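Below is one structure, written out as structure tokens; the observations come after it.
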Amino acid sequence: RNMTKTIEAIFIDLGNTLRSLVKDEEHMRRARTEMVRLVGTDEDPLAFVEKLTERYKGYRKWAFENLAEAPEADLWTRWLVPDFPRERIVTLGAELTYLFRQSMGRRVVVEGGREVLEELGRRGYTLGIISNLIGTREIPEWLEQEDYARYFKSVVLSSVLGIRKPSPEIFYEAARRAGVKPEACAYVGDNLKRDVTGTRAAGFGMVVIMMPVEELAEAVITDENRPDEIIHNFRKLLDIFP
């Protein structure tokens, strides 16, 4: 583990790394109902969101191919509800994206999440977030409302930057904002493909992948996607970063 001595900054992914999704039916129902009201449709809220989820696959394909994230207005007018009046939908993009994400469930910080961030900060590491996601509202609000903003010097979201992992550009930008050279940065993610390849392409000094034991059992690890460390629990970061 001598390589960790040169690490100054640790960047963390959000989905399935720092936060996990909880299927809270009441929370999801409220979001679906509000989406239908905003769009102005009399469709069944559940059926409406199922239709959006299906259309979202087309958007995802575009996003993966272009390593890009579309502005929210484009996401809704071009992919998700092209059949509704554009001029009205354009103004609702940010709100609709927020609700669409809420309709999937409630996101909670993983067990021990805050304590680990607190301790890594105390150990002198600069902390940041690099995450692929749609929506510009959810993360800034969560960081403020739940008092997580103070842990992170650099927060780079594909929805704001317009560039997705595994493009090295999103990693470069995060390191630049943190004021740390890429080789002195580590990244903690959950996806062997985009998180490892993107981190390597950007010249980060280290990559840690957090995945459940059963997922790891089915994963195919090659020279291209091999992380430096694999953990199953967020608290294990304290063993890796002294």
Side-chain angles (χ1 to χ4, degrees), residues 12-39 41 43-64 69-70 72 75-76 79-81 89 92-117 129-149 151-152 155-160 164-165 188-195 209-216 218-219 231-235:
I12 298 166
D13 183 31
L14 290 175
N16 298 323
T17 305
L18 180 58
R19 306 199 308 168
S20 58
L21 190 64
V22 175
K23 296 286 185 185
D24 177 335
E25 283 306 329
E26 179 54 27
H27 182 89
M28 294 156 73
R29 189 192 60 76
R30 280 201 303 269
R32 292 193 297 260
T33 306
E34 181 60 10
M35 282 174 85
V36 163
R37 187 190 72 77
L38 274 181
V39 171
T41 177
E43 291 170 72
D44 171 70
L46 187 58
F48 180 67
V49 170
E50 281 171 357
K51 181 175 75 179
L52 293 183
T53 303
E54 198 49 47
R55 289 175 174 178
Y56 181 64
K57 290 175 187 169
Y59 169 72
R60 291 271 290 177
K61 186 172 184 293
W62 174 89
F64 276 106
E69 207 74 77
E72 285 155 301
L75 169 66
W76 289 89
W79 282 281
L80 298 186
V81 288
I89 298 300
L92 297 171
E95 179 69 7
L96 286 171
T97 309
Y98 180 83
L99 290 166
F100 185 45
R101 297 252 313 156
Q102 301 302 313
S103 75
M104 301 167 192
R106 195 161 46 82
R107 288 165 180 85
V108 298
V109 172
V110 293
E111 197 183 327
R114 191 185 293 272
E115 295 87 329
V116 170
L117 296 174
I129 288 171
I130 303 172
S131 188
N132 280 354
L133 83 164
I134 52 169
T136 51
R137 210 189 110 182
E138 177 192 334
I139 301 309
E141 284 187 13
W142 163 70
L143 288 170
E144 286 306 322
Q145 287 167 1
E146 298 199 21
D147 193 29
Y148 275 87
Y151 300 116
F152 301 109
V155 176
V156 181
L157 309 172
S158 65
S159 52
V160 178
R164 287 175 62 88
K165 301 180 298 185
V188 183
D190 68 303
N191 186 293
L192 284 169
K193 191 167 186 294
R194 60 177 173 263
D195 292 340
I209 290 294
M210 179 168 117
M211 58 185 349
V213 179
E214 57 278 9
E215 259 180 54
L216 182 62
E218 292 176 9
I231 58 174
H232 309 303
N233 175 317
F234 198 72
R235 292 184 200 271

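Just so we're clear, the structure is a prediction, and the values are computed from it rather than from any experiment.
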Minimum heavy-atom separation for R106 and D24, please, with both atom names. NE-OD2, 2.9 Å
Think R32 forms a cation-pi with F48, using NZ or CZ under 6.0 Å from the six-ring centre and within 45 degrees of its axis? no
Does a side-chain heavy-atom distance below 4.5 Å link E54 with K57? yes
Taking K23 for its side chain and M28 for its backbone only, find out whether a donor-acceptor pair lies under 3.5 Å. no
Which pair of non-hydrogen atoms, one from A31 and one from S103, has the smallest distance, and what is that distance? CB-N, 3.6 Å
Nearest 0.5 Å, please: how far is CG in L75 from OH in Y59? 5.5 Å
Just by distance, do the side chain of H232 and the backbone of P212 share a donor-acceptor pair under 3.5 Å? no
Between L14 and W142, does the side-chain contact (heavy atoms from CB on, under 4.5 Å) criterion hold? Intermediate values first, please. CA-CA 12 Å; L14 290 175; W142 163 70; 4.0 Å; yes
How many angstroms lie between CZ in F152 and CD1 in I12, if you round to the nearest 0.5 Å? 5.0 Å
Rounded to the nearest 0.5 Å, how far does CG of N191 lie from CD1 of I209? 7.0 Å
Output, in order, the C-alpha distance, side-chain angles, deciding distance and verdict of side-chain contact (heavy atoms from CB on, under 4.5 Å) for V160 and V155. CA-CA 10 Å; V160 178; V155 176; over 6 Å; no
Side chain to side chain, F234 and V109, heavy atoms closer than 4.5 Å: no
Are side-chain N/O atoms of E72 and S159 paired as donor and acceptor at under 3.5 Å? no
What's the verdict on side-chain contact (heavy atoms from CB on, under 4.5 Å) for R107 and R101, showing C-alpha distance, side-chain angles and the deciding distance? CA-CA 9 Å; R107 288 165 180 85; R101 297 252 313 156; 3.2 Å; yes
Verify side-chain contact (heavy atoms from CB on, under 4.5 Å) between E144 and E141, making sure each step is shown before the conclusion. CA-CA 5 Å; E144 286 306 322; E141 284 187 13; over 6 Å; no
Heavy-atom donor-acceptor pair, S158 side chain to L133 backbone, under 3.5 Å: yes
Which pair of heavy atoms, one from E69 and one from R164, lies closest together, and at what distance? OE1-NH1, 2.9 Å
K51 and E43: salt bridge (Lys or Arg N to Asp or Glu O under 4.0 Å), yes or no, with the steps? CA-CA 10 Å; K51 181 175 75 179; E43 291 170 72; 2.9 Å; yes
Is the shortest distance from a Lys or Arg side-chain nitrogen in E95 or R137 to a carboxylate oxygen in the other one below 4.0 Å? yes
Counting N and O atoms only, with roles assigned by atom type, does the side chain of T33 sit under 3.5 Å from a partner on the main chain of R29, one being a donor and the other an acceptor? yes
Please say whether more than 12 non-hydrogen atoms of neighbouring residues, nucleotides or ligands are located less than 6.0 Å from CD in E115. yes
Side chain to side chain, E218 and E215, heavy atoms closer than 4.5 Å: no
Could you tell me whether Y56 and W79 have their ring centroids closer than 6.0 angstrom? no
For the student: nearest non-hydrogen atoms of L157 and I139, plus distance: CD1-CB, 3.8 Å
Ignoring hydrogens and angles, tell me if any N or O in the side chain of D195 forms a donor-acceptor pair with the backbone of D190 under 3.5 Å. yes
Report yes if some heavy atom in the side chain of D13 is under 4.5 Å from a heavy atom in the side chain of L18; otherwise report no. no
Taking all non-hydrogen atoms of both residues, which atom of D147 and which atom of R114 are closest, and how far apart? O-NH1, 3.0 Å
Minimum heavy-atom distance N16-M210, with the two atoms named: O-CE, 3.9 Å
d(L92 CG, W76 CH2) to nearest 0.5 Å is 9.5 Å
Which distance, rounded to the nearest 0.5 Å, do you find between the CG of L96 and the CD1 of I89? 6.0 Å
Run the side-chain hydrogen bond (donor to acceptor under 3.5 Å, both in side chains) test on Y98 and E34 for me, step by step, so that the C-alpha distance in whole Å, both residues' side-chain angles and the decisive distance to 0.1 Å come before the verdict. CA-CA 11 Å; Y98 180 83; E34 181 60 10; over 6 Å; no
If you measure from the Lys or Arg side-chain nitrogens to the Asp or Glu carboxylate oxygens, is any gap between E138 and R19 under 4.0 Å? yes
